[in-house]
Student: 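Please read through the structure below; I'll follow up with questions.
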Amino acid sequence: MKGSTYRRCSCRDPKTGKELGTSCPKRNSRNHCTYSIRQELPPHEDGSRRSFARGGYTNAKAAQADLDHVRALLGLAADDPEGVQLLAEMLAEVSGEKLPLPDVEETRRRLKAGQDLVGSLTVTEWLDRWLAGKRIRKSGISRYETDIRVHLKPHIGHRRLDRLRVSHLSEMFTAIADGNAEVLEQNGQRRAAVEELATIPWKGVENRARRKALKAAIDAMPAFRRVTGPATRQHVKATLRASLNDAIGQQIITFNPAAHVEIDPVRKPKALVWTDERVAKWEPTGEKPSPVMVWTPEQTGAFLDFVAEDRLYAMWHLIAFRGLRRGEACGQPWSETNLDRHSLTVTGQLVQDGWEVEASEPKTDSGFRVVALDDDTVSVLGRHRKQQEADRAEWGSAWVNTGLVFTQEDGSWLHPGKVTDLFERLVSASGLPPIRLHDLRHGAATLMLAADIDIKIVSDTLGHSDTRITRDIYQSVLPHVGKSAAEATAKLVPLQRKAEQEEQARKAARKAKRAEKAKVKGKQKGKAKKVAKKG
């Protein structure tokens with residue numbers, strides 16, 4: 001294909017405005033004109049011509065080097081008509097947008113891998129493509145979509161994917177933190193206005209005018225919003241990191257900046273037990289010592305006694321003793337519940353996507369597990385099945401045959417969100433200190449640890465992928481469990497002072513025992529003398 005370098009003068013006639021070209025009187029002056037190149041490219045599919053053109057070179061050597069570069073790129077797919085067209089489109093785009101010429105070897109690699117030849121793919125374009133190709137459950141897609149829509153696209157979506165740097169991500173998370181401060185300030189302003197509105201009386205012309213003006217001001221303010229907390233920021237980072245890892249896997253980029261950006265770590269709350277002291281503090285204030293609170297065995301028993309007549313008692317019992325997750329309990333089928341063998345197998349769950357409910361597999365491989373059942377739990381589930389069979393007979397043809405252990409009155413799915421609401425109402429009515437439904441699962445773990453069950457068995461029962469997760473969550477266990485451990489530890493350390501004290505205590509005990517024996521003997525002798533005198 002034709003191509004050439006040529007000199008070009010861009011001087012114009014001051015009267016006509018046309019370029020002077022070869023008639024410029026300074027054309028032969030050194031360094032007056034610049035050099036340009038033009039290379040004919042394969043035509044469009046409709047036969048129309050296209051070419052690569054670039055100017056502004058200071059000398060012929062530099063112009064010729066770029067022309068050779070263009071020809072080397074065109075030669076990468078000499079025997080591949082489709083590849084030739086891709087290269088032509090790439091060079092036409094580079095020419096039109098005045099982009100740097102792509103590296104020959106990098107272009108060869110991209111061409112073989114079937115990738116975009118021009119690295120102008122933006123973060124937004126890649127995230128859209130990546131999300132469309134994900135094959136995971138709907139709730140997971142929704143979470144990814146939220147991270148991308150709310151955080152990633154607004155902050156870094158415009159940047160070229162291959163030029164994304166750690167500094168860009170640091171700027172994004174700084175901007176999110178700044179946004180949090182703004183949200184808190186706006187929430188404070190709106191809260192203050194609402195509180196002021198509550199203090200203004202309804203009666204009186206002046207008061208009504210004040211209320212109207214303040215309501216208008218409140219309506220003009222941003223609505224109450226939640227800040228982006230540490231856990232959400234970590235999830236945003238994880239979403240970006242996963243998408244960029246896939247981009248590396250497809251050889252679109254070679255570096256993942258999300259793997260190197262530093263943000264504040266998430267400090268997960270530890271499970272605390274509702275001891276008498278904590279209950280005494282909660283009763284007048286209503287404040288929970290931790291977001292994650294666990295009942296003592298006595299409190300758990302009191303709750304189960306309180307809900308003994310509830311239609312879903314068997315569910316509360318199962319979660320309290322065997323630690324199933326809410327979605328696992330809602331989605332447990334009878335086909336995987338073997339009361340004769342005292343076990344059930346967790347193979348699925350019901351999950352929420354917004355307010356919609358869908359069936360799903362467990363989130364991780366460790367979620368698939370066999371859970372052993374004690375005699376009492378088997379008895380409870382047996383009574384529940386008989387009641388469900390009676391309900392089925394009562395509903396007749398209107399019964400929805402889902403095959404699940406726990407259902408609504410007509411056999412249809414339970415809504416996990418409504419189950420949580422019901423549990424919270426029952427806890428409030430019981431008068432017990434508050435816990436979340438998920439904390440009832442935590443309580444099951446604590447009971448197992450209190451019963452001296454091996455940590456591996458506890459972890460497997462709960463569906464944790466690693467015993468370290470179990471240890472991390474349940475560092476704070478029931479008080480008497482901790483005391484037992486402390487006593488066992490103390491006995492391992494021989495203290496001289498302690499030994500001397502114990503020896504003194506033993507001597508005092510022996511002395512007291514001898515004195516008691518002597519006293520008893522003295523009484524016995526006295527009685528014998530009295531009997532002898534009477535005789």
Side-chain angles (χ1 to χ4, degrees), residues 1-10 19 21-22 27 30-130 132-133 158-165 243-257:
M1 295 182 185
K2 294 181 180 180
S4 62
T5 64
Y6 55 93
R7 292 182 69 191
R8 180 178 180 183
C9 176
S10 58
E19 289 189 0
T22 56
R27 179 177 174 77
R30 187 177 181 181
N31 297 329
H32 175 69
C33 295
T34 59
Y35 288 80
S36 299
I37 63 173
R38 180 176 294 278
Q39 173 64 49
E40 187 176 349
L41 301 176
H44 291 285
E45 293 182 358
D46 60 2
S48 57
R49 298 179 62 183
R50 57 184 166 185
S51 62
F52 180 94
R54 180 158 293 180
Y57 298 98
T58 57
N59 55 67
K61 184 177 181 181
Q64 187 61 48
D66 266 13
L67 183 61
D68 293 341
H69 192 153
V70 171
R71 289 171 174 170
L73 289 169
L74 283 173
L76 291 176
D79 300 325
D80 179 9
E82 184 179 355
V84 169
Q85 287 297 322
L86 291 172
L87 289 166
E89 291 172 4
M90 175 195 73
L91 287 169
E93 182 178 349
V94 168
S95 175
E97 298 186 12
K98 297 182 172 57
L99 300 173
L101 283 170
D103 179 75
V104 175
E105 291 305 316
E106 175 65 13
T107 304
R108 188 196 307 277
R109 183 189 64 78
R110 286 173 175 263
L111 191 64
K112 287 184 177 180
Q115 299 169 2
D116 293 331
L117 298 184
V118 182
S120 58
L121 188 68
T122 65
V123 172
T124 288
E125 291 169 342
W126 167 248
L127 290 174
D128 288 342
R129 182 190 303 180
W130 175 75
H158 62 286
R159 296 192 179 278
R160 274 181 49 168
L161 184 65
D162 60 332
R163 296 181 183 178
L164 190 63
R165 298 291 177 262
S243 68
L244 296 183
N245 278 340
D246 284 355
I248 291 175
Q250 296 181 29
Q251 298 183 340
I252 298 174
I253 57 175
T254 58
F255 173 72
N256 189 340

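Residues take their numbers from the sequence shown, with the count starting at 1.
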Student: R50 and A88: which non-hydrogen atoms are nearest, and at how many Å?
Tutor: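 For R50 and A88, the tightest heavy-atom pair comes out as NH2-CB, 3.4 Å.
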Student: Drop me the distance from R159's CZ to R165's CZ, to the nearest 0.5 angstrom.
Tutor: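 Taking CZ in R159 and CZ in R165, the distance rounds to 10.5 Å.
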Student: In sequence, state the C-alpha distance, the side-chain angles, and the governing distance for R129 and I252, and then conclude on side-chain contact (heavy atoms from CB on, under 4.5 Å).
Tutor: CA-CA 13 Å; R129 182 190 303 180; I252 298 174; 4.2 Å; yes
Student: How many angstroms lie between atom CG of D162 and atom CZ of F255, to the nearest 0.5 angstrom?
Tutor: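 Output value for this atom pair is 13.0 Å.
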Student: Using a cut-off of 6.0 Å, state whether more than 12 heavy atoms not belonging to D79 lie near its atom CG.
Tutor: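 For D79, atom CG is not crowded (no more than 12 foreign heavy atoms under 6.0 Å).
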Student: For a quick check under 3.5 Å, do Q64 and D68 share a side-chain donor-acceptor pair by atom type?
Tutor: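 Yes, because at least one side-chain N or O of Q64 sits under 3.5 Å from a partner of the opposite role on D68.
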Student: side-chain contact (heavy atoms from CB on, under 4.5 Å) for V70 and L101? Distances and angles first, verdict last.
Tutor: CA-CA 8 Å; V70 171; L101 283 170; 3.9 Å; yes
Student: Between R108 and K112, is there a side-chain heavy-atom distance shorter than 4.5 Å?
Tutor: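 Contact flag for K112/R108 side chains = yes.
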Student: Which heavy atom of G56 sits nearest to which heavy atom of S36, and what is that distance?
Tutor: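 Shortest heavy-atom separation between G56 and S36 comes out as N-OG, 4.3 Å.
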Student: As an exercise, state the distance from CG of N59 to CZ of R7, rounded to the nearest 0.5 Å.
Tutor: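 Answer rounded to 0.5 Å: 11.5 Å.
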Student: So do the side chains of I253 and L164 get within less than 4.5 Å of each other, counting heavy atoms only?
Tutor: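 Sidechains of L164 and I253: no contact.
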Student: Measure across M90 and T107 and return the closest heavy-atom pair with its distance rounded to 0.1 Å.
Tutor: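 Closest heavy-atom pair between M90 and T107: SD-CG2, 4.0 Å.
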Student: Judged by atom type as modelled, is there a donor-acceptor pair below 3.5 Å linking the side chain of R71 to the main-chain atoms of G3?
Tutor: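 Such a contact is found between R71 side chain and G3 backbone.
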Student: Would you mind reporting whether L73 and V104 have side-chain heavy atoms less than 4.5 Å apart?
Tutor: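 V104 vs L73: side chains touch.
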Student: Less than 4.5 Å apart, side chain to side chain, heavy atoms only: is that true for E125 and L161?
Tutor: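 No, side chains not in contact.
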Student: What closest approach, in Å, do S51 and S95 show between heavy atoms, and which atom pair accounts for it?
Tutor: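 For S51 and S95, the tightest heavy-atom pair comes out as O-OG, 4.4 Å.
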Student: Find out whether P42 and L74 are in side-chain contact, i.e. whether some heavy atom of one side chain is under 4.5 Å from a heavy atom of the other.
Tutor: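 P42 vs L74: side chains touch.
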Student: Taking W126 for its side chain and S243 for its backbone only, find out whether a donor-acceptor pair lies under 3.5 Å.
Tutor: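 Present.
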Student: Can you measure from OG1 (T122) to CZ (R160) and round to the nearest 0.5 angstrom?
Tutor: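 The distance works out to 10.5 Å.
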Student: If you measure from OG1 on T5 to CZ on R38, what distance do you get to the nearest 0.5 Å?
Tutor: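 The CZ atom of R38 is 12.5 Å from OG1 of T5, to the nearest 0.5 Å.
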Student: Check whether H69 reaches the backbone of P102 with its side chain - one donor and one acceptor, N or O, closer than 3.5 Å.
Tutor: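 Between the backbone of P102 and the side chain of H69 there is a qualifying donor-acceptor contact (under 3.5 Å).
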Student: With side chains defined as the heavy atoms from C-beta onward, is the minimum distance between L91 and Q39 less than 4.5 Å?
Tutor: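 Contact flag for L91/Q39 side chains = no.
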Student: Just wondering, do L67 and F52 contact through their side chains at under 4.5 Å, heavy atoms?
Tutor: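 Of all side-chain heavy-atom pairs linking L67 with F52, none is under 4.5 Å.
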